[in-house]
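Numbered from 1 within each chain, the chains take letters A, B, ... in sequence-line order.
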Amino acid sequence: NAGVTQTPKFQVLKTGQSMTLQCAQDMNHEYMSWYRQDPGMGLRLIHYSVGAGITDQGEVPNGYNVSRSTTEDFPLRLLSAAPSQTSVYFCASSLHPRRDIQYFGAGTRLSVL
Amino acid sequence: TQLLEQSPQFLSIQEGENLTVYCNSSSVFSSLQWYRQEPGEGPVLLVTVVTGGEVKKLKRLTFQFGDARKDSSLHITAAQPGDTGLYLCAGGRTGNQFYFGTGTSLTVIP
């Protein structure tokens with residue numbers, strides 16, 4: 001059972017570089033989301049999607065873009081990386097965002113120098 | 001400012017002791033979930049509570065949702081080293097956003 005798969009697991013970027021964090025799920029979940037986790041702040045919602053072709057902003061969307069062309073994939077793009085984006089990023093999926101289990105990936109640890 | 005504040009932020013106790021973790025907000029939530037996260041992994045759901053005043057028990061863990069649906073607590077009886085981890089509460093409101101608490105890092109010493 002693959003569940004939610006995130007790649008890469010680790011990444012180091014220089015300030016100004018761009019990259020895409022990949023997220024794929026094989027559970028046919030409509031709802032997918034991206035969070036960042038920083039010490040003492042829990043998880044904060046970056047962007048989310050309620051289905052293919054539909055995305056919306058979360059609490060901390062600045063500096064990040066997303067798209068949802070298929071039900072399975074929900075990539076997160078950093079257009080011009082900044083040191084403030086150093087964090088651990090988690091992708092999650094669920095049938096319904098407020099009632100059902102959210103399944104999380106193992107995370108991507110990103111450092112921006 | 002986080003919508004959900006957890007206390008304490010850090011907790012270190014001896015095996016066999018009891019503990020309570022609190023999750024508080026000034027906002028009302030339609031549901032409240034508790035997750036446990038281990039180092040290097042994503043959070044894993046422990047329980048969902050949806051009714052004000054609801055109490056759920058999962059072996060040695062007892063979860064309570066406040067009557068006004070603004071707060072919740074997690075009580076662990078006779079803690080074991082396997083309970084060590086980061087405990088996160090998370091609340092759902094109207095719309096599709098889900099808010100996580102600040103987290104409580106628990107260490108149970110053998």
Query raised in the report: Any link between Ile46(A) and Leu3(B) through a network of hydrophobic side chains (Ile, Leu, Val, Met, Phe, Trp, Tyr) touching at under 4.5 Å?
Result: no
**Report entry** Within residues 105-113 of chain A, residues adjacent to chain B where the heavy-atom gap is under 4.5 Å
**Finding:** Gly105(A), Ala106(A), Arg109(A)
**Report entry** Between Gln33(B) and Gln102(A): side-chain donor-acceptor atoms closer than 3.5 Å
**Finding:** no
**Report entry** Interchain contact, Tyr35(A) with chain B, by part (heavy-atom threshold 4.5 Å)
**Finding:** side chain
Query raised in the report: Which of the residues Val4(A), Leu43(A), Leu45(A), Asp56(A) is involved in the greatest number of heavy-atom pairs with chain B at under 4.5 angstrom?
Result: Leu43(A)
Query raised in the report: Is there a path from Leu86(B) to Phe104(A) through hydrophobic residues (I, L, V, M, F, W, Y) whose side chains come within less than 4.5 Å of each other?
Result: yes
**Report entry** Contact winner vs chain A - Gly101(B), Gly103(B), Ala90(B), Ser105(B), heavy-atom pairs under 4.5 Å
**Finding:** Gly101(B)
Report summary line: If one checks every heavy atom of Gln6(A) against chain B at 4.5 Å, the contacting part turns out to be neither
Query raised in the report: Can you hop from Tyr48(A) to Ile54(A) via hydrophobic side chains spaced under 4.5 Å?
Result: yes
Query raised in the report: In terms of hydrophobic clusters joined by side-chain contacts under 4.5 Å, are Leu74(B) and Leu58(B) together?
Result: yes
Query raised in the report: With the 4.5 Å side-chain cut-off for hydrophobic clustering, are Phe90(A) and Tyr64(A) part of the same group?
Result: no
Query raised in the report: Of the backbone (N, CA, C, O) and the side chain (C-beta and beyond), which part of Leu4(B) lies under 4.5 Å from a heavy atom of chain A, both, or neither?
Result: neither
Query - Other residues, nucleotides, ligands: >12 heavy atoms within 6.0 Å of Lys56(B) NZ - result: yes
Requested in this report: Give, as side chain, backbone, both or neither, the part of Gln6(B) having an atom under 4.5 angstrom from any heavy atom of chain A.
Outcome: neither
Query - Contact class of Tyr35(B) relative to chain A, heavy atoms under 4.5 angstrom - result: side chain
Query raised in the report: Quick one: what part of Glu41(B) sits under 4.5 Å from any heavy atom of chain A, side chain, backbone, both or neither?
Result: backbone
